[in-house]
Colleague: 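What follows is a structure written as structure tokens; I'll ask about it next.
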2 protein chains.
Amino acid sequence: MAASFDPPIETECPTPAAAWAGVRMSYDRDEEIFGEGEPARNVYMVVSGAVRTYRVLADGRRQIVEFHLAGDVFGFDGDPTHNLTAEAIGEVTLQVMRRTAFFETDRPDAPGAGHAWATLLRKLQRAEAHVIMLGRQSACERVASFLLDMRGRMIRAGFDGDGISLPMTRQDIADYLGLTIETVSRTFSQLQVSGMIELPSRRSVVVRNLAAMDRICA
Amino acid sequence: MAASFDPPIETECPTPAAAWAGVRMSYDRDEEIFGEGEPARNVYMVVSGAVRTYRVLADGRRQIVEFHLAGDVFGFDGDPTHNLTAEAIGEVTLQVMRRTAFFETDRPDAPGAGHAWATLLRKLQRAEAHVIMLGRQSACERVASFLLDMRGRMIRAGFDGDGISLPMTRQDIADYLGLTIETVSRTFSQLQVSGMIELPSRRSVVVRNLAAMDRICA
DNA sequence: CGGCCCGTTGAAGCTAATCAATGGCCGTGG
DNA sequence: CCACGGCCATTGATTAGCTTCAACGGGCCG
């Protein structure tokens, strides 16, 4: 039964935070973590909760560049100042450290050497996948890809099953996928009607037909 | 006079290639440099010419992720295998080196320390800018942004003036901007009619009204 | 219980895609 | 040197998909 699914939005980071120096900080819903134009000295690791990084164009259009979930590292945009704004989605706890210190973790003699490189390369690959999605995929393909991506990230974080909990609003999803909130909503409905997903609540999705969803993603 | 503009497509790399180990290699027009799924052991620096990296979806849709011009480094997509295909646009000369060796250039004691980090961070920022463009900008805004980006890269490479030489076809531009070739062509025409650019030949563009172009980019 | 925010649904409009035909440049070969 | 063929680009007409505008619903919190 889908209803038995309990949203694990607040989860501890799977990466050992002990390996991180720096300070732990908490943010409230919609609180700004850093803003466009501010000096970019720190990097941040999500301990619990979720973060969005985005840019707003002059006329108000917003593009969310990435959602950062428990274990993710962010704050690399821009040098010497941030190109993006980062905001808490709901309550968030972060581990904050100097960028220089983060780069240091990559010295050959440092514990976890190569970790920083791998992190950056993964971010680059995610950004490239985002480009491909926004450049060439339809609304339906984008939504399906998004859901399967969220599912994969949840599973990698230790939650298995097809229940996906979405910390963000429909508007956030729309601004991530380059669509309007109405199109996202309609697409969710279509996927539900066609039996591929269930929508037990606003913030949760259950994948009913993974193979079909996979096929959509093209 | 616009006609006096000579296309400097073939240019020597501004970064001292001597700092690079590795082999020099040449490729013909449309020749594959690496393909999706191949082991990703090397990184490449463009000495002369231009390269496109792209992915093709199952049904043939192509998204170009990046154009690499003289001085640019590429080949970071995917680990352990490439997620993208890289192809020569026209005749290309590349300097090829092991990824591991490239990362080594970043050891504190190595000459040019910090160079590799800076390279990756710049690539990430470009990818994020691409995301914003594809997610939220109109066809006209995309084309204008593209032209000004190409202009900026040419200027940084040592060519000043408003004459831009485009090594790639309209189809390549379309696949980079997430548009069709017809839309790109129409938008070029509109910009020309409105007096913002001139199109002296297929592969060159002259910016006539930089301020107006800037304003379009939003 | 009431208000507010978020999400859903419907109808009309617009942008870019698709389908189709023509134009022009360039390389090749007579 | 000119003629031909092929490829790339442009332009026009129509269509499709997403956005915009508008109204309603439903859950949650005070």
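To find a chain, count down the sequence lines: A is the first, B the second, and so on, and within it residues start at 1. No hydrogens, no waters, no symmetry mates; every other heavy atom, side chains included, goes into these values. For clarity, every value in this text was computed on a predicted model and none was experimentally measured.
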Colleague: What are the residues of residues 56-67 of chain B, sorted by number, that bring a heavy atom to within less than 4.0 Å of DNA chain C?
Modeller: none
Colleague: Name the first nucleotide and the last nucleotide along DNA chain C (5' to 3') that come under 4.0 Å of a heavy atom in chain B.
Modeller: C:dA16 to C:dG24
Colleague: Are the aromatic rings of A:F102 and A:F76 close, with centres under 6.0 Å apart?
Modeller: yes
Colleague: Has the side chain of A:R55 got a donor or acceptor atom that lies under 3.5 Å from a matching backbone atom of B:A129?
Modeller: no
Colleague: For a quick test of reading the model, state the closest non-hydrogen atom pair linking B:E32 to B:T85 and the distance between them.
Modeller: OE1-CG2, 3.9 Å
Colleague: Could you give all pairs that pass the salt bridge (Lys or Arg N to Asp or Glu O under 4.0 Å) test and reach residues 128-140 of chain B, with sequence neighbours left out?
Modeller: A:D175-B:R136
Colleague: Measuring from atom OH of B:Y176 to atom CE of B:M168, what distance do you get when rounded to the nearest 0.5 angstrom?
Modeller: 8.5 Å
Colleague: What does the B/S/- profile of nucleotides 10-26 of chain D look like, 5' to 3', with a 4.0 Å heavy-atom cutoff to protein?
Modeller: BBBB----SBBB---BB
Colleague: Rounded at 0.5 Å granularity, tell me how far CZ in A:R98 sits from CG in A:N42.
Modeller: 4.5 Å
Colleague: Mark yes or no for whether B:E38, through its side chain, and B:T81, through its backbone, hold a donor-acceptor pair below 3.5 Å.
Modeller: no
Colleague: What are the two closest heavy atoms between B:Q63 and A:I132, and how far apart are they?
Modeller: CG-CA, 3.7 Å
Colleague: Calculate the interatomic distance between B:D175 atom CG and D:dC8 atom P; express it in whole Å.
Modeller: 13 Å
Colleague: Looking at B:F67, I'd like to know if the NZ or CZ of B:R153 sits under 6.0 Å from its six-membered ring centre while staying within 45 degrees of the ring's axis.
Modeller: no
Colleague: Show your working on salt bridge (charged side-chain N to carboxylate O under 4.0 Å, His left out) between A:R208 and A:D162 and close with a plain yes or no.
Modeller: CA-CA 7 Å; A:R208 278 270 157 246; A:D162 291 317; over 6 Å; no
Colleague: So which heavy atom on B:L124 is nearest to which on A:A127, and how close?
Modeller: CD1-CB, 4.3 Å
Colleague: What pairs of residues pass the salt bridge (Lys or Arg N to Asp or Glu O under 4.0 Å) test when at least one of them lies in residues 137-148 of chain A, not counting sequence neighbours?
Modeller: A:E141-B:R61
Colleague: Enter the inter-axis angle for the ends of the helix from C:dC1-D:dG30 to C:dG30-D:dC1 (five pairs per end, rounded to 10°).
Modeller: 30°
